[in-house]
Amino acid sequence: MSLVLLTVPGLARGQTSDPVLNSRAADKQIRRLRFEGNDYFSDKELTEAISFSSNRWLGQKLLGKEAVWFSRDAYQMNVRELQHFYQSEGFLNVEIGEPQIRLKRKGRKIELTFRLTENEAVRIDSLRFVGPNAAINEEEQNLLQDGQKSLEALPGSRFRDALIWNDQETLTMDLINKGHAYAAARPLIELDTAHHQANIDWELEPGPLCYFGDISIEGQERTPEHLIRKQLALEKGQVYSRAALNRSQQQIYQLGTFRIASIKAQLSRNQKDSIPVRISLTEAPRTSTRVGVGYGREDKFRTFVDFRILNFPGGARRLNLYAKHSALEPYRFEARLTQPAVFSPNSTLELAPSVKKQKEAGYELFAYGSTLGLLQRLSNQLNVSLSLYYENVNLDTTSVARTVEDAEVLKNYSKGGLAGGLLFDSSQPRFDPARGWVVALNAKSNSQLLPGKYSFFKYQLEVKHYQQIAEPLIMAMRARYGGIRPGQSRGPVPVEERFFAGGSRSVRGWARQQLGPIDDEGVPLGGNTLIEVSLEPRLRLFGPLSLVVFADAGNVWPQLSNFSLQDLRFSAGGGLRFSTPIGPVGIDLARPVADSDSKWQLHFNIGHAF
């Protein structure tokens with residue numbers, strides 16, 4: 001490989017000499033891009049801000065990237081892009097010196113280095129609110145001083161264009177949601193270049209206080225209009241609010257009967273204080289069918305069919321008929337009748353009878369029953385549920401894992417009681433989260449309200465956290481705890497209600513249900529106490545492909561009194577993920593760590609393990 005260093009003398013602020021560019025560097029591919037003198041921003045951030053990019057052989061061959069060619073005009077354009085990026089980030093006096101160009105690959109390609117002097121950044125010195133409405137200005141100033149104003153460009157922070165635009169949107173929306181439908185917020189910026197300071201005056205023009213006028217609805221055919229109006233978070237004469245419009249749209253969609261719900265406020269040029277609202281709806285097809293097939297390490301071939309009927313038998317009710325087959329569930333049939341907006345716009349009532357055949361390593365059973373559940377949406381991130389359930393179980397006692405005498409194990413029994421749940425989910429994006437929390441708490445009390453042989457209280461808490469460490473690296477963490485307390489009879493807990501560990505979504509160094517107590521024949525017994533902890537860095541490689549490594553720990557204990565951290569079992573491994581529009585598809589390979597059981601486990605997944 002040949003390497004020639006070109007030092008171009010006498011260049012400043014991105015200017016370069018034509019003879020060098022034309023004779024040595026012009027019309028050559030850029031193989032590598034570098035930056036010198038960039039203390040505040042990484043090479044990756046600067047590369048994303050300009051048109052030039054590195055052009056490696058791997059990127060061209062595997063990812064189909066096009067070659068990037070060097071020319072004088074292209075270089076000057078990239079210098080302007082770099083200057084614009086720095087100035088938008090508050091570095092108004094950035095200097096871009098002469099480039100360094102190395103010829104590589106026997107002069108066929110070049111390595112280009114931008115030489116930067118960032119200089120001191122401009123910082124915000126003061127912030128005030130001005131405008132025609134003195135009361136609003138004073139209110140905003142007080143909120144800011146009390147720390148109740150969620151602005152980003154605050155005194156002491158670096159002046160950045162993006163923060164100014166964000167604050168402009170925030171201030172404008174605050175005024176709109178307080179009834180000022182025609183509000184505007186404009187930044188008046190005074191720049192002190194000598195001291196590298198900026199003073200910001202926000203000019204607030206609220207306009208008139210407005211109210212909702214007439215509300216018209218069109219496009220509905222099967223859904224009664226009174227149900228639609230019940231979902232609205234606004235009414236005629238109410239103070240205008242954009243948030244009320246958005247919440248109304250969301251609650252109309254929660255009915256589940258509309259494909260499109262458009263809500264528009266009819267603003268006028270002469271700024272009338274009474275604002276009509278027009279709601280345009282497009283209903284979804286009355287019937288629809290979803291079919292899915294797949295394959296997994298644990299459930300083998302699986303398939304399902306979901307047939308949905310809207311407005312059944314009228315109103316906004318919907319009926320789902322669901323059938324599923326897999327190795328773990330040879331068959332499952334379920335009918336789910338849903339009544340949205342039963343008590344409030346955000347409450348849903350569901351009746352779900354079902355029949356199923358379940359086949360696990362520790363037991364086989366046939367069961368039928370029904371659940372009546374109420375789901376209440378408290379916010380976009382928080383939901384609670386409460387349900388009554390009944391289930392009749394026919395257990396295959398020849399395969400059941402048991403911890404009691406045969407005489408105490410019933411072949412046929414019923415279960416019934418009350419179950420509740422709480423779910424907080426702030427993770428984003430939905431199918432491949434990179435940030436946020438998921439907290440799920442579930443509990444059920446069996447044979448408390450309804451008669452039954454087995455009395456117990458079961459609860460489970462799961463916490464998941466996702467944090468982006470760097471642009472390609474996400475740290476995912478999970479902790480899970482579960483417990484079962486037998487009732488006053490202190491009898492056995494049904495095997496299908498016990499906790500099991502091991503598998504593709506548990507401690508991955510063990511096969512499904514193989515971690516925990518087993519009988520003399522190696523059949524999993526399950527237990528009344530469970531702990532699982534997982535740590536999984538996820539690194540995006542290129543395109544849709546990602547690499548994960550993970551460490552899992554956990555175990556199952558027969559009773560809470562048997563619990564000991566010394567009994568925790570550990571496993572580690574790694575895998576690959578391929579992103580799709582419905583989430584990642586992946587493969588994991590794991591084995592126990594410092595354990596007498598040293599078998600490797602292979603898992604196929606649709607979606608992340610957690």
Side-chain angles (χ1 to χ4, degrees), residues 133 135-136 139-140 143 148-150 166 168-185 204-284 310-311 314-318 338-349 374-384 426:
N133 192 316
I136 288 181
E139 179 185 359
E140 295 293 324
L143 291 174
Q148 301 179 38
K149 202 65 182 174
S150 57
N166 292 345
Q168 184 177 31
E169 177 70 13
T170 297
L171 290 169
T172 302
M173 290 307 302
D174 283 351
L175 292 173
I176 289 176
N177 287 327
K178 292 177 181 178
H180 301 278
Y182 304 96
L204 305 180
E205 296 184 2
L209 183 63
C210 301
Y211 303 86
F212 288 116
D214 293 331
I215 303 171
S216 61
I217 302 176
E218 60 182 28
Q220 79 281 10
E221 296 179 1
R222 300 185 302 268
T223 307
E225 184 173 321
H226 74 274
L227 289 179
I228 301 170
R229 291 189 178 273
K230 185 179 179 180
Q231 296 301 98
L232 299 182
L234 55 92
E235 58 184 17
K236 184 177 180 179
Q238 178 181 323
V239 173
Y240 180 87
S241 167
R242 181 77 60 81
L245 292 171
N246 294 337
R247 191 162 63 252
S248 297
Q249 183 184 46
Q250 181 186 65
Q251 291 175 176
I252 289 176
Y253 275 123
Q254 286 173 192
L255 288 175
T257 60
F258 297 105
R259 176 180 291 173
I260 299 174
S262 173
I263 302 182
K264 294 183 178 180
Q266 308 296 301
L267 302 178
S268 60
R269 291 187 177 181
N270 57 358
Q271 299 191 3
K272 293 182 178 179
D273 61 2
S274 180
I275 302 176
V277 177
R278 181 181 179 184
I279 303 176
S280 300
L281 305 171
T282 301
E283 291 187 318
L310 296 181
N311 304 99
R317 285 176 291 275
R318 55 184 181 271
T338 303
Q339 174 63 69
V342 60
F343 299 123
S344 70
N346 295 302
S347 63
T348 301
L349 189 66
L374 176 67
L375 176 66
Q376 180 67 47
R377 185 186 184 98
L378 300 180
S379 70
N380 290 336
Q381 299 175 339
L382 183 62
N383 295 282
V384 296
S426 65

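The chain is numbered in sequence order, starting from 1.
- A salt bridge does not link E235 with R229: every distance from a Lys NZ or Arg NE/NH1/NH2 to an Asp or Glu carboxylate oxygen is 4.0 Å or more.
- In this structure, the side chain of T172 does not engage the main chain of A184 through any donor-acceptor pair within 3.5 Å.
- Here the closest non-hydrogen pair linking G315 and P224 is CA-CD, 3.8 Å.
- Summarising the geometry of S347 relative to Q376, their closest heavy-atom pair is CB-OE1, 3.1 Å, with the distance given to 0.1 Å.
- Nearest heavy-atom pair across A233 and S248 is N-OG, 2.8 Å.
- A donor-acceptor pair under 3.5 Å links the side-chain atoms of Q168 to the main chain of A185, judged by distance alone.
- Using a 4.5 Å cut-off on side-chain heavy atoms (C-beta onward), I136 and K178 make no contact.
- Minimum heavy-atom separation, A181 to I275: CB-CD1, 3.4 Å.
- Going from atom NE2 of H180 over to atom OG of S241 covers 11.5 Å, rounded to the nearest 0.5 Å.
- Taking 4.5 Å as the limit, some side-chain heavy atom of I176 sits within range of a side-chain heavy atom of Y240.
- Side chain of N177 to main chain of A243: a donor-acceptor pair is present (N/O by atom type, distance under 3.5 Å, no hydrogens or angles).
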What pairs of donor and acceptor atoms, side-chain ones from residues 255-269 against any protein atom, are under 3.5 angstrom apart with sequence neighbours left out?
{"unit_1": "T257", "atom_1": "OG1", "unit_2": "T223", "atom_2": "OG1", "d": "3.3"}
{"unit_1": "Q266", "atom_1": "NE2", "unit_2": "K264", "atom_2": "O", "d": "3.4"}
{"unit_1": "S268", "atom_1": "OG", "unit_2": "Y182", "atom_2": "OH", "d": "3.4"}
{"unit_1": "S268", "atom_1": "OG", "unit_2": "N270", "atom_2": "OD1", "d": "2.8"}
{"unit_1": "S268", "atom_1": "OG", "unit_2": "K272", "atom_2": "N", "d": "3.1"}

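- In this structure a side-chain-to-backbone donor-acceptor pair under 3.5 Å is present from E283 to E221.
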Report the C-alpha distance between L232 and V277 in whole Å, list the side-chain angles of each, state the deciding distance to 0.1 Å, and finish with yes or no for side chain to side chain contact (heavy atoms under 4.5 Å, CB included).
CA-CA 11 Å; L232 299 182; V277 177; over 6 Å; no

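- Note that the CG atom of D214 and the OG atom of S274 stand 7.0 Å from one another [nearest 0.5 Å].
- Between N383 and L375 the shortest side-chain heavy-atom distance falls below 4.5 Å.
- We find the CD-CD distance between E225 and E218 to be 11.0 Å, quoted to the nearest 0.5 Å.
- Looking only at side-chain heavy atoms (C-beta outward), Q251 and K230 stay at 4.5 Å or farther from each other.
- With contacts defined as side-chain heavy-atom distances shorter than 4.5 Å, the pair S426/Q381 qualifies.
- Residue I215 holds its CD1 atom at 4.5 Å from CG of L234, rounded to the nearest 0.5 Å.
- With values rounded to the nearest 0.5 angstrom, L175 atom CG is found 11.0 Å from L209 atom CG.
- Residues A284 and L310 approach most closely at CB-CD1, 3.7 Å, considering heavy atoms.
- In this structure, the separation between OG1 on T348 and CD on Q254 is 7.0 Å, given to the nearest 0.5 Å.
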